[in-house]
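Accompanying notes for the structure given below.
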Amino acid sequence: MTGIDAAYRNYIDGAWVPGGAGHIDVTDPGSGAHLTRVALADAADVDRAVEAAARVHASRALAALRPVERGRMVRAVGAWIAAHRNTWAPVLTREQGKPLWEAEIEIDGAARYFEYYGNQAETVEGRSIPLGDGYIDYTTCEPYGVTAHIIPWNYPVEMAARSVAAALATGNTVVIKSPELTPVAITMIAHAAQAAGFPPGAVNLLCGLGPVAGAALAGHPKVNQIVFTGSVATGIAIATAAAQNVVPCVLELGGKSAAIVHDDADLDAFETDIRWGIFFNAGQVCSAMSRIVVHESRHDEVVERATAIARALSVGPGIERRESGPNMGAMVSQAQRDRAAGMVARAVAAGAKLATGGHALNLPGAFMEPTVLTGVTPDMEIAQQEVFGPVLSVIPFRTEDEAIAIANGTDYGLVGGVFTRDLDRAMRATRAMRAGQVFVNEWFAGGVETPFGGIGKSGYGREKGREALWNYVQTRNTAIKLR
Ligand code: ADP
C-alpha cells in the first residue's frame, strides 16, 4: 500500500472536503484487494462546486486575465503534474490496472495537454468586420462560464487534462466528475491547479455516482457547457439533460474502429499497430483497433502474427510491470472483464473461432487473456459492439469496396486506418471511411495537436488540437456606430 492514503477527499471551492454521500471503496484490479476510499459527492456537493465555479466566473478572475498570464498558469498545472509523475503513476496503476510504464505515459500525456493548451491561450483571437466608415465591428471569444467534465475510468488523468486544459486556457471555470472506479490519481489535477495558483472555486473535483452526482452536474442550471467521454447510453442521458438547459455538449462515445489491411501492406510494420492498437491499456481505449479487415490473401498471415503478439504478452499485475515491453495489466474491474469474456463467448457460440485467448485468467484481480478471433462476420455482435477489452476480431475481404463497407458498417465512426503502399488506394479510403480521424500506415498517428472526435454514435465535437478551443468559447459581436 506504499504511497496510497487510506482515504481521499473531494476538492470543492478550494477545500478538500468529505462527501455528502459518504465514501466509495476503490479496488485494485491487479490483486482484487481493497485499495482505498474516496469521498462520494451527493447533489448538494455538486451544487456547492457549481456555485463556486459560477462565482469565480462572474468575478472574471480568469476571464479578465491577459491570455499569456492564463496560459502560464495552465502550463504550471502541467509542470506540476510532470514533476509529480513518479509519485502518482503507481497510484494510477493500482486503481486502474495498467502497467506502471503505461501509467507514466498517461501522466506525461496529461502534462502535455496543459503545456499545449497553455501555449494556445494567447492564440484565441476574434476578427474585425468592415461595415464602412460609420462603424467599427469586431468579434471576441467569450468563455462559456462553468464547464462540466464527466470523466471515464480508462484514462482518468489524461481525459480530465484534455478538456480541463482547453477550458481553463480559454478562461472558463471547471467542475470535474471523476469516475467511480478510478477516482484517485485524477486528484492530482486539483492539487496541480491549487499549486499553480488558480483561485478557490476555479477548479473543482468530485467523485460521485454517475446517476447521482453525474446526473446532478449534467442537469445543473448553472453549468454552461459539458464535456463527456463514455458510453453511448450515458452520452444520450447527458445530452438530454443538457438540452433541457440549452447547454452545448462535446460527446466522445467510443467506437468499433477498423484497420483495412490491403494485400500490399507492410506486415512487419503492422505488427506494431496490432501491439498498440488493441492491447494497449488492455484494449480499454475508445479508439482501439478492435477490427482488422484484411485482404483474403493476407488473412492467415495477419492472424498468425496477431496470435504471436497476443501470446507473447506477459499478463499480470501492472505494478510488477514497470518497464515498457510485451506486457499487459488488468482490466479495470471484474465486471468489465466478465463483460468482455461474455462477448467473446457469445461470438464463439455464433460461429467465430478463437485463434488465441478468449477467457478470464485464473488470477486474483481482473485479468483477461489477449484474444484474437477469426471467422467473425460483420453482422455479429462482436463486430458491431465495443468490447472495451483486449479482443481483436479479424474479418477477411475480397474487394476494396467490400472492405470499406465492412469498416463503415457499424453505428460508430470514431477512427479508422488503412494499410497499403498504394497512395491512391490509401487516399480513396481516407475519403470513404466514416470516421473522425483516419490513420494511414500507422494506428494512433497524431498527438495532442491533432483533432479527435467521432461521427455517428461515436459522438460529436472535437477534442485535442486547436479545434477543441472552440468548444469553450462563444463569439460575441460588438458593433460600434461612429459619429
Ligand atoms: P461505464 O459504464 O463504462 O462506466 P459510463 O459512460 O457510464 O461508462 O461512465 C462514464 C462517466 O459518466 C463516469 O464518470 C460515470 O460516473 C458518469 N455517468 C454515468 N451515468 C451518468 C449519468 N446518468 N449522468 C451523468 N454522468 C453519468
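Note that ligands are numbered from 1 as they come in the structure, with each ligand's atoms numbered from 1 the same way.
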Inset, instruction - Decide, yes or no, whether a salt bridge links R162 with E252 under the criterion of side-chain N to carboxylate O below 4.0 Å. - result: yes

Inset, instruction - For the pair N119 (side chain) and Y116 (backbone), establish whether a donor and an acceptor sit closer than 3.5 Å, ignoring hydrogens and angles. - result: no

Legend entry - Whether E386 side chain and G255 backbone form a donor-acceptor pair below 3.5 Å: yes

Legend entry - Charged N-O contact under 4.0 Å between E115 and R112: yes

Quick one: table the atom pairs, ligand 1 N or O against protein N or O, below 3.5 Å, distance rounded to 0.1 Å.
{"residue": "ligand 1", "atom": "3 (O)", "partner": "W153", "partner atom": "NE1", "Å": "3.2"}
{"residue": "ligand 1", "atom": "4 (O)", "partner": "W153", "partner atom": "NE1", "Å": "3.2"}
{"residue": "ligand 1", "atom": "6 (O)", "partner": "S231", "partner atom": "N", "Å": "2.8"}
{"residue": "ligand 1", "atom": "6 (O)", "partner": "S231", "partner atom": "OG", "Å": "2.9"}
{"residue": "ligand 1", "atom": "6 (O)", "partner": "T234", "partner atom": "OG1", "Å": "3.3"}
{"residue": "ligand 1", "atom": "7 (O)", "partner": "T234", "partner atom": "OG1", "Å": "2.9"}
{"residue": "ligand 1", "atom": "14 (O)", "partner": "I151", "partner atom": "O", "Å": "2.8"}
{"residue": "ligand 1", "atom": "14 (O)", "partner": "K177", "partner atom": "NZ", "Å": "3.1"}
{"residue": "ligand 1", "atom": "16 (O)", "partner": "K177", "partner atom": "NZ", "Å": "2.6"}
{"residue": "ligand 1", "atom": "16 (O)", "partner": "E180", "partner atom": "OE1", "Å": "2.7"}
{"residue": "ligand 1", "atom": "16 (O)", "partner": "E180", "partner atom": "OE2", "Å": "3.1"}
{"residue": "ligand 1", "atom": "16 (O)", "partner": "G210", "partner atom": "N", "Å": "3.4"}
{"residue": "ligand 1", "atom": "24 (N)", "partner": "A215", "partner atom": "N", "Å": "3.4"}

Show me, pair by pair, the donor-acceptor contacts under 3.5 angstrom made by side chains of residues 196-216, not counting sequence neighbours?
{"residue": "N204", "atom": "OD1", "partner": "D13", "partner atom": "N", "Å": "2.8"}
{"residue": "N204", "atom": "ND2", "partner": "V174", "partner atom": "O", "Å": "3.2"}
{"residue": "N204", "atom": "ND2", "partner": "G201", "partner atom": "O", "Å": "2.9"}

Inset, instruction - Output yes when a side-chain donor or acceptor of N224 lies under 3.5 Å from a complementary backbone atom of V146, and no otherwise. - result: yes

